[in-house]
Amino acid sequence: MIVAVTYEKENGQVFQHFGHSEFFKIYEVGDEKIQKAEVYDTNGQGHGALADFLHGYAVDALICGGIGGGARNALDAMGIRLYPGVSGDADEAVAALAAGKLSYDPDTTCSHHEGEHNCGEHDHGCGGHSCGNH
């Protein structure tokens, strides 16, 4: 199984806003453990293009924090299973998924696009607030 995680390269954490992900860490998982992992730069692609980016790497599942409805639909159309509402260490999250023990919230969304707040108005990155908990 190929698993991608929205990735904060500076600290190894799950990035909390799918559409603003600058990096994905993509793992090969087998025999209930991580076999291989590599970090990929999205090269400035955002939102809808990220689903195509993941599809290009034959990703089977995505672990992330918050994610909007359009991105959910795009991933679903490509057959990529979604595990949203995850925070903490990316490697630990993938190991937990491989072992069948990942704690996630299937109803987690990110409502930046519904007007609750706009990251562009603030002096911080999306990971600096609880985007995954809307």
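Treat the numbers as computed from the prediction; the structure is a model and nothing was measured.
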Would you name the heavy atoms of [X] and [Y] that are closest together and state the gap between them?
{"X": "I2", "Y": "Y57", "result": "CG2-O, 3.9 Å"}
{"X": "V5", "Y": "A90", "result": "CG1-CB, 3.8 Å"}
{"X": "S21", "Y": "T6", "result": "OG-CG2, 3.1 Å"}
{"X": "A51", "Y": "I80", "result": "O-CD1, 4.4 Å"}
{"X": "V86", "Y": "Q16", "result": "O-NE2, 3.0 Å"}
{"X": "V29", "Y": "A98", "result": "CG1-CB, 3.4 Å"}

Do [X] and [Y] touch side chain to side chain, with heavy atoms closer than 4.5 Å?
{"X": "V3", "Y": "I26", "value": "no"}
{"X": "M78", "Y": "V59", "value": "no"}
{"X": "V39", "Y": "F24", "value": "no"}
{"X": "I63", "Y": "Y104", "value": "no"}
{"X": "R81", "Y": "L62", "value": "no"}
{"X": "I67", "Y": "L75", "value": "yes"}

Fill in: Test item: E8 side-chain N/O and F23 main-chain N/O as donor-acceptor pair under 3.5 Å
no
Worksheet entry | Main-chain N/O of G30 paired to Q35 side chain as donor or acceptor, under 3.5 Å | yes
Worksheet item: How far apart are the C-alpha atoms of R72 and L82, what are their side-chain angles, what is the distance that settles it, and do they pass the side chain to side chain contact (heavy atoms under 4.5 Å, CB included) test?
Response: CA-CA 8 Å; R72 282 176 168 270; L82 181 60; 3.7 Å; yes
Worksheet item: Do the side chains of V94 and Y83 join up, straight or via other hydrophobic residues, at under 4.5 Å, putting them in one cluster?
Response: yes
Fill in: Enclosure of N11 CG (heavy-atom neighbours >12, cutoff 6.0 Å)
yes
Worksheet item: Which residue pairs pass the salt bridge (Lys or Arg N to Asp or Glu O under 4.0 Å) test when at least one of the two sits in residues 89-104, sequence neighbours left out?
Response: K25-D91
Item to complete: Rounded to the nearest 0.5 Å, what's the gap from OH on Y27 to CG on L97? Could you check?
Response: 11.0 Å
Item to complete: Go through the steps to decide whether F53 and Y40 satisfy the test side chain to side chain contact (heavy atoms under 4.5 Å, CB included), and finish with yes or no.
Response: CA-CA 10 Å; F53 179 89; Y40 294 90; 3.9 Å; yes
